[in-house]
Every structure is written in C-alpha cells, then in structure tokens.
2 protein chains.
Amino acid sequence: MTAAADTLREEGVAGASARVIAARAGVNQALIFYHFGTVSQLLEAASRQAVDAAVDYYRDRFAEVASLSDLLRTGRELHQRERDAGNVAMMAQLMSGAAGRDPALASAARYAMSAWTVEIESVVQRVLCDSPLAEVADSAGLARAVSASFIGLELYEGVDPEGAVHALDSLEQLAVLVDVVNDLGPIARRALRAKLNSSSSARRAELRSAISVSDMPGA
Amino acid sequence: MTAAADTLREEGVAGASARVIAARAGVNQALIFYHFGTVSQLLEAASRQAVDAAVDYYRDRFAEVASLSDLLRTGRELHQRERDAGNVAMMAQLMSGAAGRDPALASAARYAMSAWTVEIESVVQRVLCDSPLAEVADSAGLARAVSASFIGLELYEGVDPEGAVHALDSLEQLAVLVDVVNDLGPIARRALRAKLNSSSSARRAELRSAISVSDMPGA
DNA sequence: GTCTATAAGATGATAGAC
DNA sequence: GTCTATCATCTTATAGAC
C-alpha cells in the first residue's frame, strides 16, 4: 500500500500499473490481485490509509485553532506539509482518474475529500461564528471550496511552479481582506446585511420561484 | 482533433488512446501517428485549438467588463458555459496527465493556463485599479489562483456534484465581501493600509532577509 | 492521405506449483 | 501467501499496399 501510494503520487494514475507498484514494493505483480482484487481497489485502500493518517495528524492541531489568524497560520503549515508529503497530488490523481468512470477511484476521491472537508468545516465554523463574516460564509461550502482549490493549485504547480507560488501568495494577501472586514466589526456587519438584502435576495427569489416554493418573506 | 478533444473531456487521459480517438473520428488509428507523431502530441494540438477558440470567444466579452459586478456576472456565465463545453475538464485532464512527466501534455497544460490567465489578469487589473482592493490584490497571482481553483472545482464536481455546487455557491456569497470592502471605499482603504503595515510587512521582512536583500525601507 | 497488417511491448488477470 | 508461467487484450508505433 505504501508503494501504491508513492507510485500514485510520483507517476500519476497513468503510471500506477500493477507491475510498477509491485516492483516498487519488491514483490510479485500477482499479489496485488490476490490481496486487493484489482489495481484500482489497491489504490483506493492505499489512499484511504494515507488520508486517514494525514487527517488524524491534523485533528489535534485543528482543535487548537481559535482565531482567524490561527487558521491562516495552520492552513499555511498544512498546505506546505501535505504538499511535501504528496497527499494533495495523490488526491488530484484520484479525482482525475475517477473522471474516467472508475468506481473504486471515484470512491477513494469522495472519501478523501469528505475526510478533509469534515475537519476543515468544523474549524471554519468555530472561527467564524462570532465574526461578521458568518453572515455571508457558509462553512460547509467554504470548506469544500478551499479543499477543491488546493487540488487545482497542486495540479497547476506541477505545470508551472513559479506561477503557482505567485497564485498562493496573492491568496494570502487576499486573506488580509477577510481580516479587515473582521476587524471592522459592526460597520462591516451592517454593510454586509445591506448588500445581502439588495443583491442576494433577488437571486434567491429567482431560485425559489424556479423550484416553485412561494413562502418567501414579503418584498 | 475534435474527436481527440471530446475523448479527453469524456474519458479522461487514461481513456484517450489512439484507437479510441480514431474510432470516434471514423478513421484509422495509424493516421494519428502520421499526422501528429504521438497521441500526446495530438492531444496537445487539439487542446490548443479548443483553448484558443474558447479564449477568443471571451475576449470581446472581457473587454466590456467595467465593474466588479460585471466581472462576477461574466465569471458566472463563463464558468457555466465552459463547464458545459467541457473545457475545464479537459484542462484538468491535461494537468493530471502532465504530472506523469509527459512533456507534450505538460506543454499543453501550460499553454491553456497561460492563455486564460493572460485574459483574466487584464480584466481583474482594469476592474480593481480604482478600488481599495488594489492595495492587496496582485492581479497576476489572482488570475492564476482563480483559474487553478476552477480546475480543482471541476475535478471535485466529477466526484461529488452536489458538494461542488455548494462550494461554488459559498464562493459567490463570499464575493459579496469583496463588494462591501469596495463600497466602503476610504474606510476600507485606511484599514487595509494599517493591516498591511502591521502584519504583512513582518512576513516580507523575513522573506527579504532570507534572500539577503537589505534595502527595505526603515521600519 | 488513408488504409491493412503487423511488430514489439505493456496491461490486467488467472492457474497452479510451492 | 508468494511465486512462476501464461492468457487475452490493449497499447504505441511502423512498413508497405493502394
């Protein structure tokens, strides 16, 4: 399973054949089918193990995160560590492999994303609960968006390393924006509420009429 | 080339073999090697064509974008259209295939990302130039981050469609945040400047000393 | 340019010895 | 459980007829 995970990380799904993995593990190719049935099922088992280990490692650390700047610092550390470990690359490969309608890889990708978003969501929710950002931030959706974005950035890094660093830097700069709104407190909260009533509710009304629910509050 | 692009979109890199592509085009497999040399080179040519067509289509539309809400509306439209066309999925497949050290696919992925970020960057720069956000937003890095994030979200969508919609919704909600800071104008600008001096310059100082450049303005 | 035929190799998977 | 040996199948890629 270690050999499978390493091969997936370094060679991608395309290079993760039974023979390549078995050679890396120093065993015979037939063993893979004896123990796991198919190559995809081995990759699934290996990635589940890797994701579980990584998420377990961060659970304690996540629990200590109390503020937004804590979150950003932990996030930076997590990204760098997981990047070096190659787990993000592994998830990216699982997801692109899953697009070729491989049920085992799809299941592995779903599991990995779910494991991460569950943890991230609880942290985001805790940190944002008494911030004006709670008005606009949906922690569940946000956790998924953050996870997915990191997958994309990892793939981008494989293709244009300097560009990816550039992109990450600019996202960090943008985090200052969140900090500012947070610090602005009641002023920001009032401005956000006003915005939400004028723009967003119009879109929501469209949505509601589209699904023929007519119990919206009087405009 | 159309058949190659379609196969890449629908079956992924793993399923994009010479025989599959040729069958889709209704021609013989050997023609691919006659015209393009290798399968990867065909995929490269096909993706360049698709990217060029897509970017050309949006160039005029991008030119009309004048405000931040314009940008968000165009962005939403672009995302939906390109998603349906499958171009984001194609880029995702190119990038994950490139991770397996395929030079032609890597080149194709680089070209696609570059083509999009060049266009997006100019729009972002134009829209943000007289906004307080210009203080923290690096348009080049931001354009790359946005492009990469959409790649990740596309892959995620293939694995968990409802979750991906959720993630996109929450990003749209978060866009209201940007709107608010924009509207707050001078107040936000002052708060941002203050933040940048206190937190970010410390990090920049670390970086500068790390690369042994000592010409930073007196603290 | 397009085809048939074919080489030369990789792949997933199984059968059976040990 | 682990191996060897083998299968059918798929792969890229080339040679040569038309």
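Below, chains carry the letters A, B, ... as their sequence lines are ordered, and counting in each starts from 1.
- Here dG1(D) is the nucleotide among dG1(C), dG1(D), dT4(C) with the atom lying nearest to any side-chain atom of L31(A).
- The number of heavy-atom neighbours closer than 6.0 Å to CD of E77(B), taken from other residues, nucleotides and ligands shown, is above 12.
- Distances were taken from every side-chain heavy atom of R19(B) (C-beta onward) to each of dT6(C), dG12(C), dC3(D); the shortest belongs to dT6(C).
- A side chain to side chain contact (heavy atoms under 4.5 Å, CB included) with S147(B) holds for exactly one of M113(B), E119(B), E121(B); it is M113(B).
- Of the candidate nucleotides dG1(C), dT14(C), dT2(D), dT14(C) has the atom nearest to the side chain of F33(A).
- Rounded to a whole Å, the CG atom of N28(A) is 6 Å from the P atom of dT4(D).
- Here dC3(C) is the nucleotide among dC3(C), dC3(D), dA13(C) with the atom lying nearest to any side-chain atom of A30(B).
- H166(B) and D160(B) share no side-chain donor-acceptor pair at under 3.5 Å.
- For Q29(B), whose side chain is taken as the heavy atoms from C-beta onward, the closest listed nucleotide among dG1(C), dA13(D), dT2(D) is dA13(D).
- The side chain of Y34(A) approaches dG1(D) more closely than any other nucleotide in the set dG1(D), dA15(C), dT11(C).
- Because its NZ or CZ atom is not both nearer than 6.0 Å to the ring centre of F62(A) and within 45° of the ring axis, R126(A) does not count as a cation-pi partner of that residue.
- Closest contact between the side chain of S17(B) and the listed nucleotides dT2(C), dT4(D), dT12(D) involves dT12(D).
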